[in-house]
Amino acid sequence: MPQPFDQPIYVTRPFLPPIGEFAAGLQEIWDNAWLTNNGPVTQRFQRALADRFGTQNLCLFNNGTLALQIALQGMRLSGEVITTPFTFVATSHALYWNKIRPVFVDVEPEHFTLDPARVEAAITPWTTAILAVHVYGYPCRLRELADIARRHRLMLLYDAAHAFGVTVDGKSIGHFGDLSMFSFHATKLFHSIEGGMLTFPDGGLKPVFDYLKNFGFDSETEVVMPGTNAKMNEFQALMGLQILDRMDGIIARRREIDALYRARLRAVPGLRVPSLPAAHVAYNHAYFPVLIEGEAFGRSRDDLYEALKGFNVHTRRYFYPLITDFSCYRSVAHTDPLPVARRVADCVLTLPIYDSLALEDVNQICDIIEHLCPALARGRNGAAAPADAMAGVGA
Ligand code: T4K
């Protein structure tokens, strides 16, 4: 029987630069006595990101949620926006804070991003935009969504909170659509403690976003719009700067962990690992979701989630419940019955993945999952495993 871990294994742990290096960076902030309000470290961080993304059209914020709220406001979106229920609740909260009605439609079964056919079916005269999510860092159906947006004259926004480092045909995912929002929260593979970024092709939006995140100040004596306070501070920027150069190594390490999980879990009945994105996508391995089909696995997803805690393995059910099932969204009518999103939310489990997770720990997690899989034990004893009811979901 596999042993429980001595220390808790969480779904993620933030990457931290060596403390001496961070302390040296802090010295500069002390010397400057400049802590926030577009200080020199924040400006340096912005330049480094502009280099990495190959665009000057980006803005930094103190978190991803406010970045998205400001994006919607700055682009003057209103009415209805078509979006996904299978995401972190901040996606639709940002719409609500702008008095925009979220129209929830279903996701596709392979990578759980917005299903373009469902999007097109939900367009009404009040629709102003599509807000799609590259959930787990899996790119949305970019071409189809762009085509729908163009034909119906809708803005196309991406919540790219999970997608830092993802490229498609060698191009950063931040270059698709009319705008992308990245989260730099501590739980993300790239972080600045808290933080967020917008990237967008229309350079005219930059001054608008810059005003909105700084109370609308144009000068000491002039406020040009009713902005808020969503500025990144120098400590956040320092953390981000020190992690940015290490991103390729962090992603490579996660790729190894992903590969080991895939190799080990392939034969577990009732456990399905979504396919990797197509070859033209450089994936960031931000999460490692698996789908647990209770009947074939031999116990429910929730049962496995609880049992893993007994071994000190703290997985998460990102993203369960669906947003439409939260009490504050239940009254938002949706005509799409959301069968795929509902099925995925009911059986998804995100396993631990982070750069400092040892491969032997990944092996131990897999041993524990095998141990907790009754269908595998039945198979070992010679009984046939039950039919796989998950066929077609995440295959
Ligand atoms: N859009 C999408 C699609 C998003 O996923 C998010 C955020 C947003 C928008 C909004 O972006 P931000 O405004 O956050 O920039 C976490 C994060 O708080 C949230 O940023 C993230 N998505 C969401 C998916 O996950 P929780 O409630 O699960 O976090 P928490 O505190 O339970 O942390 C998870 C695990 O991480 C812990 O069990 C242990 C580990 N951890 C966490 C923190 C904060 C650490 O080891 N160290 C830490 O400092 O929401």
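Quick note: numbers below take in every heavy atom, side chains included, and nothing from hydrogens, waters or symmetry partners. Both counts, for ligands and for their atoms, begin at 1 and track the order of listing. By convention here, the first residue in the shown sequence is residue 1.
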Which pairs of donor and acceptor atoms, one on a side chain in residues 114-122, lie under 3.5 Å apart (sequence neighbours left out)?
| from | atom 1 | to | atom 2 | distance (Å) |
| --- | --- | --- | --- | --- |
| Asp115 | OD1 | Ala117 | N | 3.0 |
| Arg118 | NE | Asp336 | OD2 | 2.9 |
| Glu120 | OE1 | Arg151 | NH2 | 3.1 |
| Glu120 | OE2 | Arg151 | NH1 | 2.7 |
| Glu120 | OE2 | Arg151 | NH2 | 3.3 |
| Glu120 | OE2 | His152 | NE2 | 2.8 |

Measure from every N or O atom of ligand 1 to the protein's N or O atoms and keep only the pairs below 3.5 Å, writing each with atom names and distance to 0.1 Å.
| from | atom 1 | to | atom 2 | distance (Å) |
| --- | --- | --- | --- | --- |
| ligand 1 | 1 (N) | Asp159 | OD1 | 3.3 |
| ligand 1 | 1 (N) | Asp159 | OD2 | 2.7 |
| ligand 1 | 5 (O) | His162 | NE2 | 2.7 |
| ligand 1 | 11 (O) | Ser183 | OG | 3.4 |
| ligand 1 | 13 (O) | Gly64 | N | 3.4 |
| ligand 1 | 13 (O) | Thr65 | N | 2.9 |
| ligand 1 | 13 (O) | Thr65 | OG1 | 2.5 |
| ligand 1 | 15 (O) | Gly64 | N | 2.9 |
| ligand 1 | 15 (O) | Ser183 | OG | 2.7 |
| ligand 1 | 18 (O) | His185 | NE2 | 3.4 |
| ligand 1 | 20 (O) | His185 | ND1 | 3.3 |
| ligand 1 | 20 (O) | Lys188 | NZ | 3.1 |
| ligand 1 | 22 (N) | Lys188 | NZ | 2.9 |
| ligand 1 | 25 (O) | Tyr318 | OH | 3.4 |
| ligand 1 | 28 (O) | Arg316 | NH1 | 3.4 |
| ligand 1 | 28 (O) | Arg316 | NH2 | 3.1 |
| ligand 1 | 28 (O) | Tyr318 | OH | 2.5 |
| ligand 1 | 32 (O) | Arg316 | NH1 | 2.7 |
| ligand 1 | 46 (O) | Arg13 | NH1 | 2.6 |

Heavy-atom pair with the smallest gap, counting every atom of Met75 and Met155: CE-CE, 3.4 Å
Heavy-atom closest contact (Pro139 atom, Ile173 atom, distance): CB-CD1, 3.8 Å
Val348 side chain near Phe319 side chain, heavy-atom distance below 4.5 Å: no
Check: Lys213 side chain, Leu60 main-chain N or O, donor-acceptor pair, under 3.5 Å: yes
Charged tip of Arg253 within 45° of Phe15 ring normal and under 6.0 Å: no
